[in-house]
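Residues: numbered from 1 along the sequence shown. All of these numbers come straight from a predicted model, not from anything done at the bench.
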Amino acid sequence: MKRHVKQLLSLKDRRFQEHYSFPFTVFNILQRREMLLSTALKTKKSYFPSLAKSFASVSASAVSAVARRLAQGDPVSFRNSEEQTVSKLMEQVNLVTSNVPSSTSSLLNMRNQIRALMTDQGLPSFYVTINPADVYNPVVKFMAGTEINVDEMLDSEVPHYWDQATLIARNPVVAAKFFNIYLRSFL
């Protein structure tokens with residue numbers, strides 16, 4: 001499915017790129033698919049019976065109470081053993097979703113990998129911040145399909161901020177492609 005979506009977003013006909021909900025819907029479908037595949041693979045381990053029993057033993061009110069406390073910023077105080085069970089189950093759920101792109105667990109996993117690299121190899125001594133500024137760059141307008149000659153462009157022909165921002169909002173795929181090209185040429 002990923003290849004099919006990539007093909008649709010690469011077509012010369014830009015209707016999929018410019019559709020207001022297509023990228024969000026596809027991302028949601030792909031993330032749910034990954035979640036279901038990841039969950040199925042992770043729950044087939046030998047501890048599944050005890051995990052299932054724990055899920056069945058907690059009440060909705062205990063889950064709600066723990067969720068309320070976590071939302072208020074109190075991650076450690078639990079009033080009874082049922083809430084402690086919910087906390088342990090939440091740890092298991094994080095492990096189950098760690099392979100799903102853009103999930104909280106995958107971000108935590110990447111953060112831990114960065115920390116491990118810093119522990120192993122030391123802190124980086126050179127930092128680079130790259131800001132491609134797609135709302136000012138005429139290459140984005142070119143990639144969106146406008147015929148322009150970048151080599152002979154006058155100052156008056158440089159895209160205005162508002163027009164460029166509107167173009168990017170209508171077609172975020174162009175901004176993503178521009179960012180990818182810009183970083184690949186830099187690195």
(request) Determine whether Leu89 and Phe55 make a side-chain contact, defined as any pair of heavy atoms from C-beta on separated by less than 4.5 Å. (result) yes

(message) If you define the side chain from C-beta out and look only at heavy atoms, does anything of Pro138 sit under 4.5 Å from Gln164?
(response) no

(message) Counting C-beta onward and ignoring hydrogens, is there a side-chain heavy-atom pair between Met143 and Val140 closer than 4.5 Å?
(response) no

(message) How long is the straight-line distance from CG of Leu9 back to NE2 of His4, given to the nearest 0.5 Å?
(response) 10.0 Å

(message) Let me confirm one number: the CG-OG1 distance from Asn171 to Thr166, rounded to the nearest 0.5 Å.
(response) 12.5 Å

(message) Tell me whether Ile29 shares a hydrophobic cluster with Tyr20, the cluster being built from Ile, Leu, Val, Met, Phe, Trp, Tyr side chains joined at under 4.5 Å.
(response) no

(request) Could you tell me whether a side-chain N or O of Gln17 sits under 3.5 Å from a main-chain N or O of Val174, the two making a donor and an acceptor? (result) no

(request) Evaluate the side chain to side chain contact (heavy atoms under 4.5 Å, CB included) criterion for residues Leu8 and Phe22: first the C-alpha distance (whole Å), next the side-chain angles of each, then the deciding distance (0.1 Å), finally the verdict. (result) CA-CA 10 Å; Leu8 290 175; Phe22 178 75; 3.9 Å; yes

(message) Return the CD to CG distance between Gln113 and Leu108, rounded to the nearest 0.5 Å.
(response) 10.5 Å

(message) In this structure, would Leu117 and Leu107 fall into the same cluster of hydrophobic residues linked by side-chain contacts under 4.5 Å?
(response) no

(request) Could you state whether Val135 and Phe179 fall into the same hydrophobic cluster, counting links through intermediate Ile, Leu, Val, Met, Phe, Trp or Tyr residues with side-chain heavy atoms under 4.5 angstrom apart? (result) yes

(request) Drop me the distance from Glu83's CD to Thr85's OG1, to the nearest 0.5 angstrom. (result) 10.0 Å

(request) Classify the ring geometry between Tyr182 and Phe178 as parallel (under 30°), tilted (30 to 60°) or perpendicular (over 60°). (result) tilted

(message) Less than 3.5 Å apart, any donor N or O on the side chain of Ser64 or Arg68 sitting next to an acceptor on the other?
(response) yes

(message) Could you tell me if the side chain of Val128 sits less than 4.5 Å from the side chain of Phe186, heavy atoms only?
(response) yes

